[in-house]
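To start, the structure itself, in structure tokens.
Chain letters run A, B, ... following the sequence lines, proteins first and then strands; every chain starts at 1.
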2 protein chains.
Amino acid sequence: MAVTIYDVAKRAGVGIGTVSRAMNDNPGINPATKARVLGVVKKLNYQPHTLAQSLARKKTFSIAAVVPFFTNYFFIELLKSITAFLSRNNYNLILYNVDTHYKWERTLDRVLADRSTDGILVISIGVSDEYADRLLANTVPAVIVDNLNYKIDSVAVANRQGAREATEHLIKLGHKKVGMIDGHLSSFPAISRLQGYKQALLENDLPFDDELLVICDAKIGEHGFNEIAGYKAMKEVLQLGSKMPTALFVASDVQALGVMRAVKEAGLHIPDDLAIVGFDDIEFSRFIGLTTMRQPFGKMGRLGVERLFDLMNGKADAGFHKELKAELIVRESCGGEKSFSAGTDCECKKY
Amino acid sequence: MAVTIYDVAKRAGVGIGTVSRAMNDNPGINPATKARVLGVVKKLNYQPHTLAQSLARKKTFSIAAVVPFFTNYFFIELLKSITAFLSRNNYNLILYNVDTHYKWERTLDRVLADRSTDGILVISIGVSDEYADRLLANTVPAVIVDNLNYKIDSVAVANRQGAREATEHLIKLGHKKVGMIDGHLSSFPAISRLQGYKQALLENDLPFDDELLVICDAKIGEHGFNEIAGYKAMKEVLQLGSKMPTALFVASDVQALGVMRAVKEAGLHIPDDLAIVGFDDIEFSRFIGLTTMRQPFGKMGRLGVERLFDLMNGKADAGFHKELKAELIVRESCGGEKSFSAGTDCECKKY
DNA sequence: ATGAAAGCGCTAACAG
DNA sequence: CTGTTAGCGCTTTCAT
């Protein structure tokens, strides 16, 4: 077996209490004994047993992250900043994957029952009001990242502002018929982005035209935020014939990928026949020259854990609902200076 | 506080031992009492405290996965299959991110010291022989995924076979001057893929030409397996002028992305001026029509955990070094039937 | 300042 | 079959 606190105590000729005090930088301890104990600790290479500590302290030193893996891999960026923070604070990350949007409740229940974590990060999941109450009733705090529920602290991108800005970009370029392809409206980001789109139209005295809005079917994958849904949606847009919009705000980059495919198949050209701007700025977007709204995932993750830690440490003030601004990244899919050339083009300044 | 085993025992009028036995489906227990206890358990909504169980059983019910996050996101596929398996077995996954290839030892040391896991999955990391000994000395078993060290059980793709097949594909297409762009040779996959490339040349009576091989600088990112490294490598190949190869096996798809960019900048065309085949089959490869060797990540992850569980349960036989075949995915970057058109082209059959 | 002892919540060996 | 007890390895009073 591994060396325990008793081994150290015996070897140092002290009680286990003293060893514990020495290890945990307890104030009331003789510097001399402390040094002696720590010497033995080093010699024996003693490492406190985390689980035993957890049980005694009623603190697990780890947090849970519940993530739907099928979302477009951008959660990696979130995870990166989260693990970086946790690692600095000697905390562990227990990762839970929910395969579908419909199974997250069961997973979350398991996390709560488990008591293996001091806090929960609920990522990219639309928590229902009823479930929010359950979360609130629990002792372990939770914060929602990349989504919103007013009962639970959260940090997300400013979907509405982003969508507005995206649409406005198109309008400023001179487009009068700006359409939108959105995810299913059962999803919070889809709703907010639609609002932003409408707002931009309104602010620029452009009429909102039902025909120019295509909502992806939720049945096509999760919330319709995927390539194939974008492809099908674009097919619908193509049906419009002469009534077709000259520009399109697509609610996510992956959908935009599908849109581009459909456009190409139709023998049309981007941005000449259709200007598009996406949302997310996934890794691949720069390769295909897609103008899009960049989400600050790193910052989102960091702010999320930070808030969670505040909650865990009781230094949380009132409700917290941070909205991070999305940033417009102009590339070639809207025309302008540079003409769009499909392919492996990318912004080289980024390197 | 939450309900404990004592609460249940008192309420059911039994000892805590009986409650424990009822919960753990212990054989020697009266079905009637068991039912009664379980009834109380349900009524009180009792959930055993995982940490306390862990301490008593000397078993944590969780495994660690140490992953370099910067690798090309394909580890998500690994994680998916791993979490699926763990979830089925009521195990948790503790995720550790190593930001650079040089810091993994410290992280792994921490994992070992922590004693919070029953097993360790070391992913995409080249474990040194010295460190392998340290791993072996430890009581908690480890298996390496997507890499190789003969001292530790592992599952990886058959890099050599894959590279051979990729190169052979090019040769069969009639190419006589087939070059290669590889990652830095400090990485195991880079070495094996080079061997496969050479083998294919040899088997087809083609000479190996030093000039046609470009090794990416390890200083450019980690092991040179990235876009910018591929770009720079291709620039070198372009220098060859008339001696340029007509086809190229690129050791990874991300590098291939860089290659394509450089080719385009040079005003050349794929596959007419240069045929290329990559390795990995990352998500975007199908969008750009890249012919490549697909790695069976899902299977890799599954076999990895399965082996780890065997190890943990003592049913492990001799050393285990599984090599999974890579599969050639033919798209447009090598010419053939379909002519290559850069852009958002993709195989639609896949949907 | 420090040793002894009482938990933390559970499992498992030991008596009955 | 089942109640009791002794740990698991550590933290934290409580005396001293």
Side-chain angles (χ1 to χ4, degrees), chain A residues 1-41 44-62 90 112-118 139-140, chain B residues 1-41 44-62 90 112-118 139-140:
Chain A
M1 282 312 295
V3 27
T4 77
I5 200 171
Y6 286 93
D7 301 320
V8 178
K10 191 178 299 175
R11 181 73 163 266
V14 298
I16 61 166
T18 303
V19 177
S20 176
R21 280 184 279 262
M23 293 291 295
N24 300 304
D25 293 311
N26 219 300
I29 182 174
N30 188 315
T33 25
K34 177 168 178 175
R36 186 156 43 90
V37 170
L38 258 27
V40 177
V41 164
L44 262 44
N45 191 27
Y46 166 65
Q47 298 281 153
H49 193 297
T50 315
L51 258 47
Q53 285 184 313
S54 299
L55 191 60
R57 287 190 188 151
K58 293 171 174 301
K59 205 164 181 288
T60 67
F61 308 103
S62 49
N90 269 296
L112 293 176
D114 218 45
R115 256 113 91 256
S116 310
T117 55
D118 299 335
T139 42
V140 7
Chain B
M1 281 313 294
V3 27
T4 76
I5 199 172
Y6 286 93
D7 301 321
V8 178
K10 192 177 298 176
R11 182 73 162 267
V14 299
I16 61 166
T18 303
V19 177
S20 176
R21 280 184 280 263
M23 293 290 295
N24 300 303
D25 293 311
N26 219 300
I29 181 176
N30 186 317
T33 26
K34 177 168 179 176
R36 186 157 45 88
V37 170
L38 257 27
V40 177
V41 164
L44 264 43
N45 192 26
Y46 165 66
Q47 297 282 153
H49 193 299
T50 316
L51 258 48
Q53 285 184 313
S54 300
L55 192 59
R57 287 191 187 147
K58 293 171 174 300
K59 205 162 179 288
T60 67
F61 307 103
S62 50
N90 270 296
L112 293 176
D114 218 45
R115 257 112 94 255
S116 309
T117 55
D118 298 336
T139 41
V140 7

- Looking at side-chain heavy atoms only, is the closest gap between B:R11 and B:V8 below 4.5 Å? no
Can you give the donor-acceptor pairs under 3.5 Å from side chains of residues 49-57 of chain A to other protein atoms, not counting sequence neighbours?
| residue | atom | partner | partner atom | Å |
| --- | --- | --- | --- | --- |
| A:H49 | ND1 | A:L51 | N | 3.2 |
| A:H49 | ND1 | A:A52 | N | 3.4 |
| A:T50 | OG1 | B:D114 | O | 3.0 |
| A:T50 | OG1 | B:D114 | OD1 | 2.9 |
| A:S54 | OG | A:T50 | O | 2.8 |
| A:S54 | OG | A:K59 | O | 3.2 |
| A:R57 | NH2 | A:N24 | OD1 | 2.7 |

When every non-hydrogen atom of B:V3 is compared with those of B:L44, the smallest separation belongs to CG1-O, 3.5 Å
note: A:I5, atom CD1; D:dG9, atom P; distance rounded to Å ~ 11 Å
**Prompt:** Is B:V14 touching bases, backbone alone, or none of the nucleic acid, heavy atoms closer than 4.0 Å?
**Reply:** sugar-phosphate
For B:F61 and B:D118 the tightest heavy-atom approach is N-OD2, 2.9 Å
Which of B:L38, B:I5, B:V40, B:V37 passes side chain to side chain contact (heavy atoms under 4.5 Å, CB included) with B:Y46? It is B:I5
Here the distance between atom C1' of C:dC8 and atom CG of B:L51, to the nearest Å, is 10 Å
Residues in residues 20-37 of chain B with a heavy atom under 4.0 Å of DNA chain C, by number, are B:S20, B:R21, B:N24
Rounded to whole Å, the CD1-P distance (A:I16 to C:dA1) equals 20 Å
Heavy atoms of B:P48 and B:M23 approach each other most closely as CG-CE, 3.4 Å
> Is there a side-chain contact between B:D25 and B:K34, using heavy atoms and a 4.5 Å cut-off?
Replying inline: yes
Judged by nearest nucleotide, the residue sitting upstream toward the 5' end of DNA chain D, A:A52 or B:G15, is B:G15
Taking C-beta and beyond as the side chain, do A:V14 and A:R36 meet within less than 4.5 Å on heavy atoms?
yes
Here the distance between atom P of C:dA12 and atom CZ of B:R57, to the nearest Å, is 6 Å
Practice problem: Report yes if at least one side-chain N or O of A:T4 is closer than 4.0 Å to OP1 or OP2 of D:dG9; otherwise report no. | Solution: no
Here the distance between atom C1' of C:dA12 and atom NZ of B:K58, to the nearest Å, is 12 Å
Scanning both residues in full, the closest heavy-atom pair of A:T33 with A:N30 reads OG1-O, 2.7 Å
Whole-Å distance, B:R115 CZ to D:dC10 C1', equals 11 Å
Exercise for the section: Answer yes or no: does a side-chain N or O of A:Y6 lie under 4.0 Å from OP1 or OP2 of C:dA4? Expected result: no
Here the distance between atom P of D:dC8 and atom CG of A:L55, to the nearest Å, is 14 Å
Axis-to-axis angle across the helix from C:dA1-D:dT16 to C:dG16-D:dC1, five pairs each end, nearest 10 degrees, ~ 50°
Atom NZ of B:K10 and atom P of D:dG3 are separated, to the nearest Å, by 15 Å
